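Structure, as structure tokens:
Note that this is a predicted model, so its numbers are computed, not measured. Within every chain, numbering begins at 1; the chains are lettered A, B, ... in the order of the sequence lines, protein sequences first and strands thereafter.
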Amino acid sequence: MPTYRAPRGTRDLLPDERAVFDRLTRLATDLTERYGYRPIETPLFEQTAVFERGIGEVTDVVEKELFRLAPRTDEAESWALRPEPTAGIVRAYVQHGMQTWPQPVKLTTTGPMFRYDRPQAGRYRQFWQFDVEAIGDPGPAIDAEVIELGHRFYAEAGVQGVEVLVNSIGDPVCRPAYIATLTAYYRGHLAELPATEKDRLERNALRLLDSKDPDMAGLNAAAPRITDHLCEACAAHFDSVRAHLTALGVPFRVEPGLVRGLDYYTRTAFEFYVSGREGQQQALGGGGRYDGLVALLGGKPTPGIGFGLGLDRVALVLAEQGHAPAATAAPLAVVVGADPDDTVGRLRVASRLRAERLRVRADLARRKLGRQLEAASKDGAHFAVILGDELADGHVQVRDLQAGSQRLVALADLARELARAETTHRHG
RNA sequence: GUGGCCUUAGCUCAAUUGGCAGAGCAUCGGAUUGUGGCUCCGAAGGUCACGGGUUCGAGCCCCGUAGGCCACCCCA
């Protein structure tokens, strides 16, 4: 048992797994460029108040999952690791006066988030999100465009069976009245409520709607629906979002129980789900509109919408769905030598090839030639460059490890020969 | 934060009713001089997660802790 290990809920991404994340990150970059987003990096920690005020004091994320940093005695400020990216990005929007940029400001980031949760497969205390935020456009069309972008990410990543769930959770005009109606409804059925649900009723009645308790199924099916209680503006917005999604050919399902966990959401809420897999971590991503958040964090009232997609879960589902991990970048050639002690010779040849931008490994292990060739094979190298007596008149053996053939090449021609083989190999 | 199951070599797993910790894969080395993949031989690798307890004796039984997994809570 090692003395030290990765903290609970964190893990090391070993090269094979890291390669999958790399591929997803490159896809995110490529996709957001196509949609006109610009990358942004905000700190991994913020003043605690950014999250408390932005996300909401009574949310689970803030109440029990926030990774608070131990306060220093010489600083009055308190800090917390970011549990999600939106609050920090909106803080940056306000701080840098982005309301003077052409609107909407479309920003994207990908990086680690932190929540002090109890870990499970697909649920970590440090996890990665690909995030997109469009700030400054109130219209329903941008909602549809954002949702389509997320949907396309899964499609191009190769995830099968992703469902788009959408809902509208109203705005400050209509939601309070709906919550009152909903609370009254549940109070009328208090005797039928499981104990845990009774507690939640007083804190956040909306949450009862997406309860997974089977005893709640019947009650929830008959519960008043928010979509029937939207104000005129919210209803029109939701209608238009759906119309745009349909026009774009994005398949979706209206899910009246979808309410999302963070306070800042208004109107459009959506989630990306994958069905038909073991385990409960089926939510691959989600987001929504947050028209009140910019003002909440000290800016002038500005609408916004965005989503966060969990890369850990995408990688997990891809593996479950049988996707081969990304191919490793095997060296084009390994420089080996008949004289195990001539590390200088092997390094010099490798160095010259690397200067020509070739992917080359030098065998520095001072083992006999046979072992060096064996290792080169296992490496997946295409060629072995063998240094021997021929070096005296400026030649080396170039061995094709797959074909088993070998020929004499002048050192002066080596880089050009290998580069040509690389091109042939790549296009062949 | 609640409940349940699990933890033996780097990985996947064995180990009669409590009686001297093993295999496969991987790693490293050998099979006569400068040629890999197959094969053969060998080496290294363990505080049986950690800490207590019961016992002549614990990988195995009991308690605690940590970590993982599962279900809640909630979410990505």
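The shortest distance between side-chain heavy atoms of A:Asp137 and A:Asp143 does not fall below 4.5 Å. No side-chain heavy atom of A:Arg91 sits under 4.5 Å from any side-chain heavy atom of A:Arg53. Between A:Tyr124 and A:Asp117, the closest side-chain pair of non-hydrogen atoms is not below 4.5 Å. The closest side-chain heavy-atom distance from A:Asp400 to A:Phe383 is below 4.5 Å.
Donor-acceptor pairing under 3.5 Å is lacking for the side chains of A:His237 and A:Asp171.
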Does A:Tyr93 form a side chain to side chain donor-acceptor pair (under 3.5 Å) with A:Glu133? I'd like the steps, not just the answer. CA-CA 11 Å; A:Tyr93 177 94; A:Glu133 310 289 349; over 6 Å; no
For side chain to side chain contact (heavy atoms under 4.5 Å, CB included), just list the numbers for A:Arg407 and A:Gln397, CA-CA rounded to whole Å, side-chain angles, deciding distance to a tenth of an Å, and then say yes or no. CA-CA 6 Å; A:Arg407 63 199 184 90; A:Gln397 298 281 359; 5.6 Å; no
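Atom P of B:C50 sits at a distance of 35 Å from the matching atom of B:C40, rounded to the whole Å.
Using a 4.0 Å heavy-atom cutoff across all strands shown, A:Gly287 reaches no nucleic acid atom at all. A:Asp389 comes within 4.0 angstrom of a nucleotide base, judged by non-hydrogen atoms across all strands. Within 4.0 Å of A:Gly388, counting heavy atoms only, lies at least one base atom of the nucleic acid. Residue contacts shown for A:Gln372 are absent, as no nucleic acid heavy atom lies under 4.0 Å away. Nucleic acid contact class of A:Gln126 (heavy atoms, under 4.0 Å, all strands): none. Residue A:Ile386 is in base contact, counting any heavy-atom pair closer than 4.0 Å across all strands shown. Residue A:Gly404 is in base contact, counting any heavy-atom pair closer than 4.0 Å across all strands shown.
For A:Lys64 against B:C73, a side-chain-to-base donor-acceptor contact under 3.5 Å is present. Not a single donor-acceptor pair, N or O on each side, falls under 3.5 Å between the base of B:G37 and the side chain of A:Ser377.
In the set B:A76, B:G30, B:U35, B:A76 carries the atom at the smallest distance from any side-chain atom of A:Gln129. Listed nucleotides B:C70, B:G68, B:G67 differ in distance to A:Ala121; the shortest reach to its side chain belongs to B:C70.
Computed from coordinates, the A:Arg11 CZ to B:G68 P distance equals 12 Å when rounded to whole Å. Atoms CZ (A:Arg125) and C1' (B:G68) sit 12 Å apart, rounded to a whole Å. In this structure, the CG atom of A:Asp400 is 14 Å from the C1' atom of B:U35, given to the nearest Å. Atom CD of A:Glu374 and atom C1' of B:G30 are 12 Å apart (whole Å). Atoms CG (A:Leu369) and P (B:G30) sit 13 Å apart, rounded to a whole Å. As rounded to whole Å, 10 Å separates atom P of B:C75 from atom CG of A:Asp117. Distance, A:Tyr4 OH to B:A66 P: 19 Å, rounded to whole Å. When the P atom of B:C70 is taken as reference, atom CD of A:Gln120 falls 6 Å away, rounded to whole Å.
Within 6.0 Å of CZ in A:Arg367 there are more than 12 heavy atoms belonging to other residues, nucleotides or ligands. Heavy-atom contacts from other residues, nucleotides or ligands closer than 6.0 Å to OH of A:Tyr35 number more than 12.
Of the nucleotides present, B:A23 is the one that pairs with B:U12 by Watson-Crick or G-U wobble criteria, both distances under 3.5 Å. Taking a pair to require two hydrogen-bonding distances under 3.5 Å in either a Watson-Crick or a G-U wobble arrangement, B:C38 remains unpaired.
The side chain to side chain contact (heavy atoms under 4.5 Å, CB included) test with A:Tyr37 is passed by exactly one of A:Leu107, A:Leu149, A:Leu31: A:Leu149.
The stretch residues 391-399 of chain A touches RNA chain B through A:Gln397, A:Arg399, each having a heavy atom under 4.0 angstrom from the strand.
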In 5'-to-3' order, the base (B), backbone-only (S) or no-contact (-) status of each nucleotide in nucleotides 2-8 of chain B, using a 4.0 angstrom heavy-atom cut-off, is BBB----
